[in-house]
K.L.:
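My questions will all concern the structure given below.
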Amino acid sequence: MSKFEKKKVMPRYLAIAVMLTLVGLAVVAKAGYIMTAKKDYWEKVASRMKRDSVSVKPNRGNILSCDGELMASSIPEYKIFMDFQAGDPEDSVWMHKRDSIWTVSLDSLCYGLHQIFPERSAQEFREKLTEGRNKRLKNGSTGARHWPVWPRRIDYNTFAEVRKLPYFSLPVNKGGFHWETFNARRRPFGSLAQRTVGEIKIASDSAYCGLELSYDSILRGVNGISQHQKVRDKFMKLTVAPPIDGADIVTTIDVGMQDLAERALVEELKKDNASMGVAILMEVQTGEVKAIVNMSQMADGSYREVVNNAISYRCEPGSVFKTASFLVALDDGVVDTSYVIHTGNGIMQMHGSNMKDHNWYKGGYGDINVARTLEVSSNIGVSYVIDRYYHDKPEKYVEGLYRVGINEDLKLPLVGYLPPKIRWPDTKTTNKALYWSKTTLPWMSIGYETQIAPINTLAFYNAIANDGKMVRPRFVKRIVKDNQVLYETQTEVIKEQIAKPQTIKTMQTILTHVVSQGLGKKAGSHSFQVAGKTGTAQVSQGGAGYKSGQMWYWLSFCGFFPADNPRYSCIVCLKKPGLPASGGGMAGVVFHQISEGVMAKYLKLDVKDARDSTSIPVPDVKSGNVMAADYVLNQLGIKTQGGWGGMYADGTPIWGNATSSRSEVSLAEQKPPQNTMPDVTGMGARDALYMLESRGLKVRLSGTGYVKSQSIPFGRTLSDGMQCELKLGI
């Protein structure tokens, strides 16, 4: 064993120990430097490497019509930004390369942006991006971190195009192009039932009206949580808690009925220059609201849904309220339908004020019974009965109104609903608006001094149609998630019987006579029976009363159809300035169009009833698609001459006129001249539209059914840009 040489070994150990100590001190010093002087820098680097608790938004549920049509759905939208400080500042090689790519790609990038967003020129894009790149931040650095490339949201297709542009295609953490994703709400049917379906605020991504707001917690779903970890220059998304998508809402709205009601109402609003219109269609037995339209006149004269007036516009309902007054009187037994009322010459003194019938200037109605009073909507007749039998005990009358459900709070699942206000008799209050005077009872009985929204009036009439059973209006049928029904709503009965069964039957008969032989004739139909009541009320101008400036009128018609077996109840209301003003002649017309359109699908007529024994039993084939006509005629067993002739060189189907014989139809292979106006009357909208647009015409349609008239006469020479208006009808 060799001898340990202390003098040689110890200096070596000492040198190694000193060296390790210095290295350790250097490590500690470096760590301290990083923790203090370089703290901000490395925190930023760490934040780019990992992001904890990133909220992941779920997909918002859809809103569908009763037959499965999509009324509101979520689609992704994006806002795009640039981070001009992206990348690792310590990686000088990449930073230099990135700047070179930016310089080379800038012109192509700006030109590409201009092609995608033509509203802004390539030079404007260049100036805007250069401004962001040169922006000085508060911390002394240069280059904006979240600079908007485009100020508005864009759809996915546009976003995909932008991502392909030079420089923007670089990785996010290197190039700096990044984006924010939003769930945008889209309605395939546009503004149809807009205020009932609801809307989403784009800025805050939150619902603020309609079913979108009322069922927001169900539609929105639950946010998820994820972590983003950078591994080898790529971010990996680690899901901590997955998002739970929102459920779908199936509404009671029928798209076809909604469209029918909207077009009928808007057409009448334009004709009368009305400022507001409401139409509600409801199933009698279930209370399902099939259509609800709320139109307000805009400054440019157009009509849009901006407020859900059907549930929130409380006003004095006018003569449609007379039905409730007489229902109370008949149910209490104070009168019957044969009770005769002396209305005189149409003007009657009531506690110092004149009560007038609408025909007072013609001498009034004279002596009429209770049933006729509602048929002609006599103010004197209704107010006389109510004032005579309830003047000493007005509480009994108001109790009766509460009993028949006209004052019922429907507790609708829509934000903004306002329940009725029918005040209780009070002669001691100092509040002039609440004071019960001697004239309050007679004027209340004809629809004044009360505040009722259209939906409540409809619910009351619906109860009469439903043999006295009042049901709550329904807007939602079921809630569905992943094709599984989570919840299905049921018909809710508010009142089992609003009046005695015999009283209800009597009122149903009276309301049928109002339409068949009273003031509601324009709401009727030749195909089925209609029952209902007209209403025309002056609109109070607040504190200025009824005689300040131009007079405004609230016109309405509320009823149900078919009267002998009610399926639907409906109310139509219009608010318009000045005369003429007629609830039956204006609101009743809209009711007629809605009821006719709805009942068209239920009418089943025997084809034999339409056959004329004196005519040749061969169908009249209108100019149109010959292939389709040939197929139909062959299915009917009718021989054709010529048949289908294919298409012309421009892709237009061969058109022809049919010539009839007793057993044969000839389909002539003749194409009308393209520069002349064809005769499209009698055609369906689709064929007429195709034929005219193939000739370069711009076509506007109004109404429903078949073409009744065309604005450009048959045979006129056509020129580019001409517009033709087609009016449809049944």
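Small disclaimer: the values here were computed from a predicted structure and weren't measured.
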K.L.:
Could you list the residues that satisfy ring-ring contact (aromatic ring centres under 6.0 Å, His included) with Phe557, not counting sequence neighbours?
P.N.:
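Partners of Phe557 by the ring-ring contact (aromatic ring centres under 6.0 Å, His included) criterion, ordered by chain and then number, come out as Phe591.
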
K.L.:
Is any side-chain heavy atom of Tyr208 closer than 4.5 Å to one of Val415?
P.N.:
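No, their side chains stay 4.5 Å or more apart.
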
K.L.:
For the ring pair Tyr365 and His358, is the centre-to-centre distance below 6.0 Å?
P.N.:
yes

K.L.:
Residues in side chain to side chain donor-acceptor pair (under 3.5 Å) with Tyr313, at least two apart?
P.N.:
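For Tyr313 the side chain to side chain donor-acceptor pair (under 3.5 Å) partners, ignoring immediate neighbours, are Lys575.
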
K.L.:
Distance check, rounded to the nearest 0.5 Å: Ile594 atom CD1 versus Lys290 atom NZ?
P.N.:
15.0 Å

K.L.:
Going by the salt bridge (charged side-chain N to carboxylate O under 4.0 Å, His left out) test, name the single residue among Arg478, Arg567, Arg474 that passes it with Glu288.
P.N.:
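Exactly one option meets the salt bridge (charged side-chain N to carboxylate O under 4.0 Å, His left out) with Glu288, and it is Arg474.
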
K.L.:
Taking atom OG of Ser569 and atom CD1 of Ile280, what is their separation to the nearest 0.5 Å?
P.N.:
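Result: 9.0 Å between the selected atoms.
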
K.L.:
So which pairs with a foot in residues 298-314 pass salt bridge (charged side-chain N to carboxylate O under 4.0 Å, His left out), sequence neighbours left out?
P.N.:
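Sorted result for residues 298-314: empty, none.
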
K.L.:
From Lys727 NZ over to Ser702 OG, what is the distance, rounded to the nearest 0.5 angstrom?
P.N.:
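So the gap between those two atoms works out to 6.0 Å.
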
K.L.:
Hey, does Asn466 have a side-chain heavy atom less than 4.5 Å from the side chain of Gln285?
P.N.:
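A side-chain contact exists here, since the closest heavy-atom pair is under 4.5 Å.
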
K.L.:
Is a donor on one side and an acceptor on the other found under 3.5 Å between the side chain of Asn309 and the backbone of Asn294?
P.N.:
no

K.L.:
Can you sort out the partners of Tyr397 under ring-ring contact (aromatic ring centres under 6.0 Å, His included), two or more places apart, ordered by chain and number?
P.N.:
Tyr390

K.L.:
Can you list everything that forms a side chain to side chain donor-acceptor pair (under 3.5 Å) with Ser377? Sequence neighbours excluded, please.
P.N.:
Ser319, Lys322, Lys533

K.L.:
What residues, two or more places apart in sequence or in another chain, satisfy ring-ring contact (aromatic ring centres under 6.0 Å, His included) together with Tyr417?
P.N.:
none

K.L.:
Can you confirm whether more than 12 heavy atoms, excluding those of Glu488, are under 6.0 Å from its CD atom?
P.N.:
yes

K.L.:
I'd like to know whether CZ of Phe189 has more than 12 heavy-atom contacts from other residues, nucleotides or ligands below 6.0 angstrom.
P.N.:
yes

K.L.:
So how far is it from Ile380 CD1 to Ile341 CD1, rounded to the nearest 0.5 Å?
P.N.:
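Between atom CD1 of Ile380 and atom CD1 of Ile341 there are 10.0 Å.
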
K.L.:
List in chain and number order the residues that pass ring-ring contact (aromatic ring centres under 6.0 Å, His included) with Phe326, two or more places apart in sequence or in another chain; answer none if no residue qualifies.
P.N.:
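Phe326: no ring-ring contact (aromatic ring centres under 6.0 Å, His included) contacts found.
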
K.L.:
Between Phe528 and Phe561, does the side-chain contact (heavy atoms from CB on, under 4.5 Å) criterion hold? Intermediate values first, please.
P.N.:
CA-CA 8 Å; Phe528 51 89; Phe561 58 92; 3.9 Å; yes

K.L.:
When rounded to the nearest 0.5 angstrom, what is the spacing between CG in Leu192 and CD in Glu69?
P.N.:
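Leu192 atom CG to Glu69 atom CD measures 10.5 Å (nearest 0.5 Å).
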
K.L.:
In chain order, what residues pass the salt bridge (charged side-chain N to carboxylate O under 4.0 Å, His left out) check against Asp467, with sequence neighbours excluded?
P.N.:
Lys505

K.L.:
How long is the straight-line distance from OG1 of Thr503 back to CD of Gln508, given to the nearest 0.5 Å?
P.N.:
11.0 Å

K.L.:
Once salt bridge (charged side-chain N to carboxylate O under 4.0 Å, His left out) is applied, do any residues pair with Asp254, and if so which ones, sequence neighbours excluded?
P.N.:
none

K.L.:
Which residues pass the side chain to side chain donor-acceptor pair (under 3.5 Å) test with Asn565, not counting sequence neighbours?
P.N.:
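In terms of side chain to side chain donor-acceptor pair (under 3.5 Å), with neighbours along the sequence ignored, Asn565 is linked to no residue.
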
K.L.:
Going by salt bridge (charged side-chain N to carboxylate O under 4.0 Å, His left out), name the residues that satisfy it together with Arg472, two or more places apart in sequence or in a different chain.
P.N.:
Glu492

K.L.:
Can you sort out the partners of Glu199 under salt bridge (charged side-chain N to carboxylate O under 4.0 Å, His left out), two or more places apart, ordered by chain and number?
P.N.:
Arg195

K.L.:
Between Ser302 and Met298, is there a donor-acceptor pair closer than 3.5 Å when you use the side chain of the first and the backbone of the second?
P.N.:
no

